[in-house]
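The structure under discussion appears below in the form of C-alpha cells.
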Amino acid sequence: MPEIIWLIILAVCLISEIATLGLVTIWFAGGALVAFFVALVTDSLLIQMIVFFAVSLLLLFFTRPIAARFYNNKRTKTNVESLVGEYCKVTEEIDNFNGTGTVFLNGLEWTARSKSEEVIPLDTRVKVCAVDGVKVIVEKAENEGSAG
C-alpha cells in the first residue's frame, strides 16, 4: 500500500512541476521515485520517509543550481528595468506641471516625465533614468540630437 502512496506523491509533484516550471517539485518527485523503490524492498515507513527527504533535499540543493543555470541561459531580459539607460526621442513636449509628454522607445510610445522640472521640447534626445509604473522618467541626453 505505501508503494501506491509514493506513486501518487510522484504524480502530484510531476503535475505541479509541469504547471509551474519552478524547478522545485521535480526534486521531490525524484525523492518519491526512490522512496517507491525502497517501499518495494522494505515495509518500514520511517526508512521510506528518511530516504524520500534525503534524496529530495540532496537533489534540491546540489542539482537545482546546475539545472537552473542551463534552464535560464537563453532567456533575455524583458522587464522594464532593462529600459533604464536607453536613449529615446521626445514625441510630445514633456512638461511635468501640465502632465504632458511622450517618448518613442523600443518601438513603443511611453508616457514620459522629466527627472528635473524642466520642460523638454519635441524631438529632443533623452535618456531613461527610471520607470515609474507606466511612465518613464527621463533627462536630456548630454549629446543632443536626433534619437533612434
Without placing hydrogens or testing angles, list every side-chain donor-acceptor pair under 3.5 Å for residues 126-134, not counting sequence neighbours.
none

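In this structure, CD1 in Ile137 is found 10.0 Å from OG1 in Thr111, a value given to the nearest 0.5 Å. Atoms CE and OG, from Met49 and Ser56 in turn, are 11.0 Å apart once rounded to the nearest 0.5 Å. Summarising the geometry, atom CG belonging to Leu10 is positioned 9.5 Å from atom CD1 belonging to Ile15; distances are rounded to the nearest 0.5 Å. Atom OG1 of Thr100 and atom CD1 of Ile94 lie 8.5 Å apart (nearest 0.5 Å). Interatomic distance, Trp27 CH2 to Leu60 CG, rounded to the nearest 0.5 Å: 8.0 Å. Annotation: the span from Leu14 atom CG to Thr25 atom OG1 amounts to 7.5 Å, rounded to 0.5 Å.
Here the side chains of Glu86 and Asn106 are in contact, with some heavy-atom distance below 4.5 Å. No side-chain heavy atom of Val90 sits less than 4.5 Å from a side-chain heavy atom of Asp123. Annotation: side chain of Lys140 is in contact with side chain of Glu118 (closest heavy-atom distance under 4.5 Å). Contact of the Leu40 side chain with the Glu3 side chain is registered, since non-hydrogen atoms from C-beta on lie closer than 4.5 Å. Taking 4.5 Å as the limit, some side-chain heavy atom of Phe28 sits within range of a side-chain heavy atom of Phe52. Side-chain contact between Phe97 and Glu117 is absent, with no heavy atoms from C-beta onward closer than 4.5 Å. Proximity of Glu139 to Ser114: side-chain heavy atoms (C-beta onward) are nowhere separated by under 4.5 Å.
Within 6.0 Å of CG on Asn98 lie more than 12 heavy atoms contributed by other residues, nucleotides or ligands.
For Phe104 and Trp110, the gap between ring centers reaches or exceeds 6.0 Å.
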Determine, step by step, whether Thr124 and Lys89 satisfy the side chain to side chain contact (heavy atoms under 4.5 Å, CB included) criterion, reporting the C-alpha distance in whole Å, the side-chain angles of both residues, the deciding distance to 0.1 Å, and the verdict. CA-CA 6 Å; Thr124 303; Lys89 179 181 177 180; over 6 Å; no
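In the hydrophobic clustering, Ile50 connects to Leu46, either directly or through intervening members, whenever side-chain heavy atoms lie under 4.5 Å apart.
A side-chain donor from one of Thr102 and Thr91 sits under 3.5 Å from a side-chain acceptor of the other.
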